[in-house]
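First up is the structure itself, then whatever we jot down about it.
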Amino acid sequence: MKVYSQYLEHPIFGIVSDAAAELGVRCFTIGGFVRDCFLGRPCNDIDIVVEGSGIELATVVSRRVKANLAVYRNFGTAMFKYKGMEIEFVGARKESYHRESRNPVVEDGTLEEDQCRRDFTINAMAFSLQREDYGALVDPFGGMSDLKNGIIRTPLDPDTTYSDDPLRMIRAVRFATQLGFRIVPESLESIKRNVGRLDILSRERIADELAKILLSKTPSTGFYLLEQTGLLEKFLPQLSALKGVETQDGKGHKENFSHTLKVLDNVAAMELEMGRESNLWLRWAALLHDVGKPATKKFDQKAGWSFHAHDFIGARMVPQIFKQLKMPLNEKMKYVQKLVGLHLRPIALVDDIVTDSAVRRLLFDAGDDIDDLMILCNADITSKRDNVVRRHKENYKLVKEKLVEVEAKDAIRNFKNPIDGELVMKHFGIPPCNAIGQIKEYVKEAILDGRIENNFDQAFVLMEEKGAELGLRPVSLSEDDARS
Ligand code: CTP
């Protein structure tokens with residue numbers, strides 16, 4: 001029996017071990033913590049499984065370390081935070097599940113029974129916290145060897161494990177993606193058989209797993225697996241619809257599913273390269289940037305395939321996709337929507353001669369998200385033809401330079417109209433009305449077009465001009481008129 005007490009240096013383990021001995025129960029640390037010790041991955045959660053009451057042991061330990069204990073009686077668990085770690089206690093369980101729900105019927109069990117009902121062999125390993133064999137590895141399903149060989153395998157027949165908690169099918173994909181592991185064929189087959197079971201899952205739990213896949217180093221791995229197994233079709237059919245190439249008159253179009261995944265990987269690589277923190281929502285934008293393509297696909301004998309306005313249609317699809325995954329319909333969604341809607345703009349700019357006014361408009365529309373948009377846009381260059389890539393990259397560079405130049409001159413990024421509604425009302429002596437919006441819009445357009453500079457004096461002149469056109473007169477003038 002191999003002993004790994006070197007991994008149990010955190011002071012909580014000794015305290016738990018003593019308390020368990022005093023209560024006369026056996027306990028172990030299990031799951032992600034053990035796996036991550038061997039992988040050398042940082043881990044902030046410690047799961048303790050007790051052959052007895054998890055809540056009772058947690059109560060004794062939390063008192064000793066003076067931590068605030070949160071008890072979840074329904075689940076038979078309790079947790080507290082201590083010295084940078086979240087420590088969760090649970091009684092060893094043997095479970096059976098109702099087919100129509102993922103809430104288990106729980107009965108007390110032994111460590112071995114508890115290990116059987118876990119998701120993967122690599123997540124079912126435990127270290128003993130008994131004084132007599134402190135740190136001994138308990139690994140009945142060969143988790144250690146699967147870890148070494150990079151294998152995702154269920155401890156029981158995969159049909160049982162996945163049917164017990166269908167989220168595990170997506171977790172298998174998630175771990176394969178995060179760790180660069182391979183899901184064993186019988187498990188993949190089982191997932192294909194059990195995709196129907198996804199229906200009992202809450203969409204939020206699916207979205208959480210998707211976020212972890214998106215945030216990994218090579219997210220495409222996960223999405224190919226989700227597609228292959230039929231999982232993706234179940235909760236993101238709009239993405240599956242990107243698959244395939246249609247041919248007419250011998251002409252085919254780009255395979256949009258693999259293109260999308262390449263763009264996603266490119267974004268991940270660029271974030272890493274630039275030393276940026278991973279931005280989940282930028283990754284969502286990459287995943288959804290071409291989602292409007294199937295609905296806009298057209299074939300013309302002369303021009304070939306086109307996806308006209310797929311940016312616009314794609315942006316319109318974003319709220320529905322967020323809703324179906326129960327993701328927040330807040331500013332994050334709006335950000336994704338904005339990036340999807342604007343993703344063609346930077347490169348389109350260089351097809352014409354880059355005018356300052358076009359650059360100003362892009363800066364205005366993208367605002368502070370312009371840098372993220374440029375990452376997405378650069379990531380979107382995936383052609384296999386070297387000359388196309390070279391041309392696009394050169395154009396991209398040009399637009400970037402132009403953006404910096406115009407922003408330095410005109411400060412459009414955080415555009416604030418030099419003329420506000422208050423001023424218009426006061427100047428013309430008018431109540432809130434439609435004319436105010438028209439005047440402000442006129443001034444804004446003039447700045448974006450470059451007809452005037454972005455400053456108060458020039459904007460003021462234009463306000464007067466537009467006001468006169470609308471039949472308004474400055475208050476002082478009207479008073480003069482009244483006097484004469
Ligand atoms: N587990 C399981 N089935 C699930 C979820 C979790 O069997 N659907 C078990 C696994 O043994 C897992 C442990 O509960 O290791 C803890 O789950 P969780 O904290 O969700 O995952 P971790 O393995 O810790 O990994 P991560 O922190 O990356 O989510």
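As the structure lists them, so they are numbered: ligands from 1, and atoms in each ligand from 1. Only this structure's heavy atoms are used, side chains among them; waters, hydrogens and symmetry mates stay out.
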Per-residue contact class, [X] against ligand 1 - non-hydrogen pairs under 4.0 Å:
| X | answer |
| --- | --- |
| D47 | side chain |
| L167 | neither |
| R168 | side chain |
| E209 | neither |

Closer than 3.5 angstrom, by distance alone: can the side chain of Q337 be matched with the main-chain N or O of A315 as a donor-acceptor pair? yes
Check: D290 side chain, K293 main-chain N or O, donor-acceptor pair, under 3.5 Å: no
Can you confirm, on distance only, whether ligand 1 has an N/O atom lying under 3.5 Å from any N/O atom belonging to [X]?
| X | value |
| --- | --- |
| N123 | yes |
| D119 | yes |
| G32 | yes |
| R118 | yes |

Counterpart residues, ring pair (Phe, Tyr, Trp, His ring centres under 6.0 Å), relative to H343 (two or more places apart): H289, H310
When the aromatic ring centroids of F89 and F75 are compared, is their separation below 6.0 Å? no
Using the test side-chain contact (heavy atoms from CB on, under 4.5 Å), find all partners of A211 that sit at least two apart in sequence or belong to another chain. L280
